[in-house]
Amino acid sequence: MQDLMLLAQDPTAWVALITLVVMEVVLGIDNLIFISILTNKLPPEHREKARRIGIGLALVMRLALLGTVAWIVKLTTPVFEVFGHGFSWKDLILIAGGLFLVWKATKEIHHSVDPSDHGEDFIASSAINSFGAAIGQILLLDLVFSVDSIITAVGMTPHLPIMVIAVLAAVAVMLLAANPLANFIEKNPTIVMLALAFLLMIGTTLIAEGMGLHVPKGYIYAAMAFSALVEVLNMVARNARLRKKNAGKPH
């Protein structure tokens with residue numbers, strides 16, 4: 001308790017907390033985009049439950065990993081080398097998660113642009129199987145984003161209470177944004193393509209990070225923000241054209 005009081009009086013601790021909360025929220029939104037796209041493929045009665053489970057798993061994983069900070073730090077220690085470059089368990093997790101994201105986003109984009117393609121997907125036609133498959137995929141990506149999230153937190157502050165508060169804040173934002181984001185994505189088909197493109201870029205970034213190529217996060221999120229702004233302008237223009245068209249029709 002005394003340590004918490006001392007932290008509360010330390011201005012640098014507050015700066016670290018605010019910065020970490022922002023970063024954790026951004027990483028959480030990445031996680032949430034994937035959850036939203038995946039759960040929107042389920043029957044309507046299962047969607048909210050799957051989202052809650054997915055976000056709950058993200059919280060459990062993050063808090064569990066925070067409880068093993070000493071072990072998490074060791075994940076950055078190289079375990080083998082290829083052509084002189086050392087790969088750690090963190091690198092391998094990021095590469096595996098990135099490959100999965102690239103594969104999944106590419107497959108979903110293919111289904112979107114070629115509706116006649118009815119090839120087999122992870123998500124089966126059976127509601128039970130599809131629910132289980134969706135939770136399995138969410139669990140896999142929750143693990144990747146959780147490891148990335150906690151390693152980011154460990155790199156920014158040595159204080160466990162700050163990490164816990166930041167993680168809880170990020171998950172709270174995910175819970176609040178889950179249904180509105182999923183509904184918005186479902187009602188705007190072009191947003192689905194944009195979100196899949198984001199996942200493709202995030203997957204590529206994870207692979208690059210795992211291979212030792214540092215990609216400044218600021219560039220990634222600036223590109224995502226710019227793309228989202230362009231899409232918002234397109235939506236406003238489409239709605240304006242639609243209103244004008246409806247206004248010209250005889251009542």
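Since the structure is predicted, the reported quantities are computational estimates derived from the model, not experimental observations.
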Nearest 0.5 angstrom please: K49 NZ to T39 OG1, how far? 13.5 Å
CZ on R52 to CE on M174, rounded to 0.5 Å: 11.0 Å
Result block: side-chain N/O donor-acceptor pairs under 3.5 angstrom for residues 195-203, not counting sequence neighbours:
none

Sorted by chain and number, sequence neighbours left out, ring pair (Phe, Tyr, Trp, His ring centres under 6.0 Å) with F184 holds for none
For D91 and G212, indicate whether the former's side chain and the latter's backbone hold a donor-acceptor pair under 3.5 Å. no
Residue pairs meeting side-chain hydrogen bond (donor to acceptor under 3.5 Å, both in side chains), one or both in residues 170-182, sequence neighbours left out, come to E48-N179, R51-N179
Any chain of hydrophobic side-chain contacts (each under 4.5 Å) joining L99 to L139? yes
With sequence neighbours excluded, what pairs up with L140 under the side chain to side chain contact (heavy atoms under 4.5 Å, CB included) test? F100
Taking only residues two or more places apart in sequence, or in another chain, which ones meet F80 in a ring pair (Phe, Tyr, Trp, His ring centres under 6.0 Å)? F87
Taking side chain to side chain contact (heavy atoms under 4.5 Å, CB included) as the definition, give me every residue that meets it alongside L59, ordered by chain and number, with sequence neighbours left out. L63, V167, L168, V171
Taken to the nearest 0.5 Å, the spacing of L206 CG from M211 CE works out to 13.5 Å
Looking only at heavy atoms, the pair that brings A177 and L32 closest together is CB-CD2, 3.8 Å
Measure across L42 and R47 and return the closest heavy-atom pair with its distance rounded to 0.1 Å. O-NE, 2.8 Å
Taking all non-hydrogen atoms of both residues, which atom of A50 and which atom of I138 are closest, and how far apart? O-CD1, 4.3 Å
Point-to-point distance, once rounded to the nearest 0.5 Å, from CG of L176 to CG of L181: 12.5 Å
If I compare all heavy atoms of I55 with all of A178, which pair ends up nearest, and what's the gap? CD1-CB, 3.5 Å
hydrophobic_cluster_shared for L233 and L194, side chain cutoff 4.5 Å: no
Does the side chain of L213 reach to within under 4.5 Å of the side chain of I207, using non-hydrogen atoms? no
